[in-house]
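Just passing along the structure, written as structure tokens.
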There are 2 protein chains.
Amino acid sequence: MTLLWRRTLGTPQGARGPKQRVSVDEVIQAGIAVADADGLPAFSMRKVADRLGLKLMSIYTYVPGRPELIGLMVDEVTGEIPHPPHHGDWRSRLTAVARHQWDEYHRHPWLLQVESSRPWIGPNGCDRYEWQLAAVDGAGLTDIQMDQVVTMVLAFTAGAARMSVLARHTTEESGISDVQWWDANAPILEKVMPPGAYPLAGRVGTAAGEEYNAVSDPDRSFRFGLERLLDGVEVLLR
Amino acid sequence: MTLLWRRTLGTPQGARGPKQRVSVDEVIQAGIAVADADGLPAFSMRKVADRLGLKLMSIYTYVPGRPELIGLMVDEVTGEIPHPPHHGDWRSRLTAVARHQWDEYHRHPWLLQVESSRPWIGPNGCDRYEWQLAAVDGAGLTDIQMDQVVTMVLAFTAGAARMSVLARHTTEESGISDVQWWDANAPILEKVMPPGAYPLAGRVGTAAGEEYNAVSDPDRSFRFGLERLLDGVEVLLR
DNA sequence: TTAAACTCCGTATGCCTTACGGAAAATTGT
DNA sequence: ACAATTTTCCGTAAGGCATACGGAGTTTAA
């Protein structure tokens, strides 16, 4: 907590021992770099230390442990891109909020793997929430509805981003494109699936495959879903 | 793959060595039990073996490795609750699809932690997709739109379930309720946050807290968001 | 000048996956 | 009936992980 709000709190005071070779911010930045590269399961304290030219155990003099470091990393990336001032109607504002979150998930996919058993409330997290609420302020919603609409947009964005990031990761990791993978698996599936057992899946899957030139088109799905969602909000406002 | 479709493919043939002490299905069920109890990060082959009265390395004669076992577990829980036949209009059908998925995520929260670098197409997964598409069949959507609408509902459901499961996990794990936790942190935050810096967050947060008697009400958020989403689909249909 | 506090890090413990190889068991082929 | 083959079960070991503890050296405060 003190670490999260270190900017407003200032550095404690008396530092009696040797100078620290790096700073807490550098540890956080190194952590973000490791998580960006390897994902959260493969994120380890040793890799952070290596990146900073320190030995493993020295990291523990900067942060109490792995979960706390991850909490600091989350707040750090939340403040990475400043929130652009709102303009236009609530619809374009909410779109900006969703797109901001969508981009962030794609910049740092490990955000979707964070399972904080405790939500760390940092300064950038507070700013974020205030900015998100401002998008729907004055649109004619009650306070509760404002919270619900923002929550809904964030839930959808997180779910869609999860699909998108997973799809990207699959393609990159295996080096096999959607089409190649499908061509390889189709013969097996044809043997194994009772013919005619999946009429809709077959028809729609084929149509989607031809339209997207892939198994899915995550960005298009996101835009489509967001439009429907906002249409739903418009219904609510009348 | 052969393991996934083992029901339709049947058991290979000659089994020359000693009898297997358990079955693949028992391994999968044990795996599900471990994941339900501990979550996916703490899910280990050793715990599965212990639960079956086997030693660690014996598990590898049933399944090739950890990722494959998880793939089998996913398809197994996908077939756990049979898909109820559709009736009523598309709106009630889609609600059933979303609710089915929502319940599944709450029965097996580790589903939201699965990062399959490769999507395993199993029999129950196929049935599921067919059933989901059937919910919007005949409503007047194009094939592409059918896929997009289903994808959108699933994305929102996954995102909302993730929030819900995380909130539940936080409360259960720490043993501290939302209100207790907030009461404990409020004094620190008041010291640390510039007063008046977060007018909307303060107002809306307070209103939400009083309404929900908690920081959030995930089930209510899910229902609210789903209604807006379906309103949006209705707009699309006209 | 001396005591306190702090940084850095070596070591140890106890988890985890999985590669490899050996012993025993069951079936197949003669 | 007997041997060859295949398969199961598992012991061991290698290489990864977080982190508790304590020691050595450094810097500041009294």
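Chain A is the first sequence line, chain B the second, and so forth, proteins listed ahead of strands; every chain is numbered from 1.
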B:Asn124 (side chain) donor-acceptor with B:Val77 (main chain) under 3.5 angstrom: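 Pair absent, no side-chain N/O of B:Asn124 close to backbone of B:Val77.
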Closest to side chain of B:Arg16, choosing from D:dT19, D:dA18, C:dT28: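 Looking only at heavy atoms from C-beta outward on B:Arg16, the closest nucleotide is C:dT28.
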Interatomic distance where CG belongs to A:Asp38 and C1' belongs to D:dG16 [whole Å]: 13 Å
Nucleotide nearest A:Arg66 when distance is taken to its side chain, options C:dA24, D:dT19, C:dC16: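 The nucleotide sitting nearest to the side chain is D:dT19.
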Result of checking B:Leu154, B:Val153, B:Asp147 against B:Val150 for side-chain contact (heavy atoms from CB on, under 4.5 Å): B:Leu154
Distance in angstrom units between A:Lys55 NZ and C:dT11 P, rounded: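 For the pair A:Lys55 NZ and C:dT11 P, the rounded distance is 11 Å.
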Touch class at under 4.0 angstrom, heavy-atom based, for B:Thr61 against every strand present: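 Base contact.
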Rounded distance in Å - CD1 (A:Ile59) to C1' (C:dG10): 16 Å
Nucleotide nearest B:Leu56 (side chain, heavy atoms from C-beta), chosen from C:dC9, D:dT26, C:dT18: C:dT18
Residue met sooner reading DNA chain C from 5', once A:Arg46 and A:Tyr62 are mapped to nucleotides: A:Tyr62
Phosphate OP1/OP2 of D:dC10: any B:Arg21 side-chain N/O under 4.0 Å: yes
Nearest-angstrom distance from the residue atom CZ of B:Phe43 to C1' of C:dT17: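 So the two atoms are 12 Å apart, to the nearest Å.
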Presence of B:Ser58 side-chain N/O under 4.0 Å of D:dC10 phosphate oxygens OP1/OP2: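 For D:dC10, OP1/OP2 do have a side-chain N/O of B:Ser58 under 4.0 Å.
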Whole-Å gap separating C1' (D:dG16) and NZ (A:Lys47): 9 Å
Nearest-Å distance for atom pair OH/C1', residues A:Tyr60 and D:dA20: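 The answer, rounded to whole Å, is 10 Å.
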Euclidean distance, A:Met163 CE relative to A:Leu112 CG, rounded to 0.5 Å: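 Nearest 0.5 Å value for the CG-CE distance: 12.0 Å.
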N/O donor-acceptor pair under 3.5 Å between B:Trp5 side chain and B:Ile121 backbone: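 Indeed, once roles are kept as given, a pair shorter than 3.5 Å links the two residues.
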Shortest side-chain distance from B:Pro18, nucleotide among D:dA18, D:dT8, C:dC6: D:dT8
Protein-nucleotide distance (B:Ile70, atom CD1; C:dT17, atom C1'), rounded to Å: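 Rounded to whole Å, this separation is 12 Å.
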Sugar-phosphate only, base, or nothing, as touched by A:Met57 at under 4.0 Å among non-hydrogen atoms: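 Counting heavy atoms under 4.0 Å across all strands, the contact made by A:Met57 includes a base.
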Proximal nucleotide (of C:dC6, C:dA25, D:dC17) relative to the A:Ser44 side chain: D:dC17
Donor-acceptor pair between B:Thr151 and B:Gln148 side chains, under 3.5 angstrom: no
B:Lys19 side chain, from C-beta outward: closest of C:dT18, C:dA26, D:dT8: C:dA26
Rounded distance in Å - CE (A:Met45) to C1' (D:dT19):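 Result: 9 Å.
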